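Since the model is a prediction, treat every value here as computed from it, not as a measurement. We count ligands from 1, going down the list as the structure has it; atoms in each ligand are counted the same way.
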Amino acid sequence: MSKTRIAFIGAGNMAASLIGGMRAQGVDAELIRASDPGAETRERVAKEHGIKVVADNAEAVEGADVVLLAVKPQMMKSVCEALKPALKPHQLIVSIAAGITCASMRAWLGEQPLVRCMPNTPALLRQGVSGLYATADVTPDQREQAETLLSAVGIALWVDEEAHIDAVTAVSGSGPAYFFLLIEAMTAAGVKLGLPADVASKLTLQTALGAALMATGSDVDAAELRRRVTSPAGTTEAAIKSFQADGFEAIVEKALGAAAHRSAELAEQLGK
Ligand SMILES: NC(=O)C1=CN([C@@H]2O[C@H](COP(=O)(O)OP(=O)(O)OC[C@H]3O[C@@H](n4cnc5c(N)ncnc54)[C@H](OP(=O)(O)O)[C@@H]3O)[C@@H](O)[C@H]2O)C=CC1
Ligand SMILES: O=C(O)[C@@H]1CCC=N1
């Protein structure tokens, strides 16, 4: 990785967090290049990370070992088709675009080795998690390059089937929004119970942080941690019984199913 040259196509939020993560890990600025149509974005990212940011995508990929596509899914077709003549067969293409399949990228880019990833927004704080899928022609060295790149902003996990990227999207890609929804709902419920809004908000946020740290740092599973909070015939039991009487697990299963279904549907629509 230390000598791998990386070109970012699109220098928006996700690209900037990946670049920031790589720079924080000591990757030489000379090894990273980016392109973006926005003059302000180019100036900001170049200044913040000390890298060269150009307007021309073809110029950015010149000499790169890895080309990371970080544009909106709706832009992928036109960006890939315009980039195709500038690519060399050995260049690894890594895409973080939601709902764009390897088959679509193959159709637009030609026979490049591809890694399709689904990161999530906590990558901005280097606390992200990404699912990665590689086409059969990706070499072990290239897999390592992709994994090292995504690991700069959190945890990177491989899946063996591309369809599993829809499930990754449902669990962790969209996942931060589910926790934000729970935070919103708990804060509102605290206010309904008479707490001032700022107190309800702080209680909820610190509880979310504490619970996440316990769940990630503990050698027992979430079910056991939950049992340890739940005194027999106590307050937690009353709340959990209420959640489960309203079908909590089924609600979550149905919602994640809807997200996975939408991911596959978007792939169908955007891939044409
Ligand atoms: N946000 C999320 O939760 C997640 C996002 N992703 C994926 O990450 C990708 C990037 O998302 P995000 O960083 O949030 O988006 P941003 O809009 O912040 O970044 C995209 C950047 O690409 C630039 N751009 C537009 N057209 C071109 C072009 N032709 N060539 C080069 N650059 C171009 C945009 O410029 P301008 O703004 O001027 O158009 C913008 O700066 C998306 O595909 C998204 O699906 C993946 C997982 C989670
Ligand atoms: O909502 C979306 O479609 C994207 C994919 C994962 C997170 N945001």
Legend entry - Gap separating the OG atom of Ser95 from the OH atom of Tyr133, nearest 0.5 angstrom: 13.5 Å
Legend entry - atom 5 (C) of ligand 2: the protein heavy-atom neighbour that sits closest, reported with distance to 0.1 Å: Ala98 CB, 3.8 Å
Inset, instruction - Report the nearest protein non-hydrogen atom to atom 45 (O) of ligand 1: residue, atom name, distance rounded to 0.1 Å. - result: Ala98 N, 3.0 Å
Inset, instruction - Between Asn120, Ile96, Val71, Thr41, flag the one that comes closest to atom 43 (O) of ligand 1 by a heavy atom. - result: Val71
Inset, instruction - Decide whether Ser35 and Asn57 meet the rule of one side-chain donor and one side-chain acceptor closer than 3.5 Å. - result: yes
Inset, instruction - Looking only at protein heavy atoms, identify the closest one to atom 48 (C) of ligand 1 and say how far it is in Å. - result: Pro119 O, 3.5 Å
Inset, instruction - Please step through salt bridge (Lys or Arg N to Asp or Glu O under 4.0 Å) for the pair Lys84 and Glu81, ending with a clear verdict. - result: CA-CA 5 Å; Lys84 185 179 177 184; Glu81 286 176 344; over 6 Å; no
Inset, instruction - Report the member of Gly175, Gly173, Pro176 with the shortest heavy-atom distance to atom 6 (C) of ligand 2. - result: Gly173
Inset, instruction - Ignoring hydrogens and angles, state whether a donor on the side chain of Gln244 or Glu249 is under 3.5 Å from an acceptor on the partner side chain. - result: yes
Legend entry - Heavy-atom nearest neighbour in the protein, as seen from atom 15 (O) of ligand 1, with distance rounded to 0.1 Å: Lys72 NZ, 3.3 Å
Inset, instruction - Note the single closest protein heavy atom to atom 13 (O) of ligand 1, along with its residue, its atom name and the distance in Å. - result: Met14 N, 2.8 Å
Legend entry - Residue, atom name and distance, where the atom is the protein heavy atom closest to atom 19 (O) of ligand 1: Gly12 CA, 3.2 Å
Inset, instruction - Please list, chain by chain and in numerical order, all residues satisfying ring-ring contact (aromatic ring centres under 6.0 Å, His included) with Phe180, sequence neighbours excluded. - result: none
Inset, instruction - Provide the number and element of each atom of ligand 1 under 4.0 Å from a heavy atom of Asp36. - result: 21 (C), 22 (O), 23 (C), 34 (C), 35 (O), 40 (C), 41 (O)
Inset, instruction - Determine whether the side chain, the backbone, both or neither of Asn57 has a heavy atom under 4.0 Å from any heavy atom of ligand 1. - result: side chain
Inset, instruction - Return yes when at least one protein heavy atom is under 4.0 Å from atom 36 (P) of ligand 1, and no when none is. - result: no
Legend entry - Separation between CG of Leu124 and CG of Asn13, rounded to the nearest 0.5 Å: 6.0 Å
Inset, instruction - Using a strict cut-off of less than 4.0 Å between a Lys/Arg side-chain nitrogen and an Asp/Glu carboxylate oxygen, indicate whether Arg143 and Glu147 qualify as a salt bridge. - result: no
Inset, instruction - Within a distance under 4.0 Å of any heavy atom of Met118, pick out the atoms of ligand 1 and give their elements. - result: 47 (C)
Inset, instruction - Select one of side chain, backbone, both or neither to describe which atoms of Met75 lie under 4.0 Å from any atom of ligand 1, heavy atoms only. - result: side chain
Inset, instruction - Return yes if a side-chain donor-acceptor contact under 3.5 Å exists between Thr204 and Ser201, otherwise no. - result: no
Inset, instruction - Distance to 0.1 Å, residue and atom name: give those for the protein heavy atom nearest to atom 18 (O) of ligand 1. - result: Asn13 N, 3.0 Å
Legend entry - Gap between atom CZ of Arg106 and atom CD of Glu111 - 0.5 Å precision: 4.5 Å
Legend entry - Interatomic spacing from CZ in Arg5 to CD in Glu30 - rounded to 0.5 Å: 7.5 Å
Inset, instruction - Please identify which atoms of ligand 1 are closer than 4.0 Å to at least one heavy atom of Thr121. - result: 1 (N), 2 (C), 3 (O)
Inset, instruction - Would you kindly say whether Thr139 and Asp141 are connected by a side-chain donor-acceptor distance under 3.5 Å? - result: no
Legend entry - Atoms of ligand 1, numbered as shown, that sit under 4.0 Å from any heavy atom of Pro37: 23 (C), 24 (N), 25 (C), 26 (N), 27 (C), 31 (C), 32 (N), 33 (C), 35 (O)
Inset, instruction - List the closest protein heavy-atom neighbour of atom 2 (C) of ligand 2: residue, atom name, distance to the nearest 0.1 Å. - result: Ser174 OG, 4.8 Å
Legend entry - atom 39 (O) of ligand 1 touched by protein heavy atom at under 4.0 Å: no
Inset, instruction - Check each atom of ligand 1 against the heavy atoms of Val79 and keep those under 4.0 Å away; list them by number with element. - result: 28 (C), 29 (N)
Legend entry - Basic-acidic side-chain contact under 4.0 Å: Glu43, Lys47: no
Legend entry - Minimum-distance protein heavy atom relative to atom 3 (O) of ligand 2: Leu266 CD1, 4.6 Å
Inset, instruction - State the CG-CH2 distance between Leu83 and Trp108, to the nearest 0.5 angstrom. - result: 13.0 Å
Legend entry - Which residue and heavy atom of the protein sit nearest atom 22 (O) of ligand 1, plus the separation: Gly10 CA, 3.5 Å
Inset, instruction - Any chance you could measure Met186, atom CE, to Thr207, atom OG1, to the nearest 0.5 Å? - result: 5.5 Å
Inset, instruction - If you have a sec, work out which protein heavy atom is nearest atom 20 (C) of ligand 1 and how many Å separate them, to one decimal? - result: Ala70 O, 3.4 Å
Legend entry - Atom indices of ligand 1 within 4.0 angstrom of Pro73 heavy atoms, with elements: 42 (C), 43 (O), 45 (O)
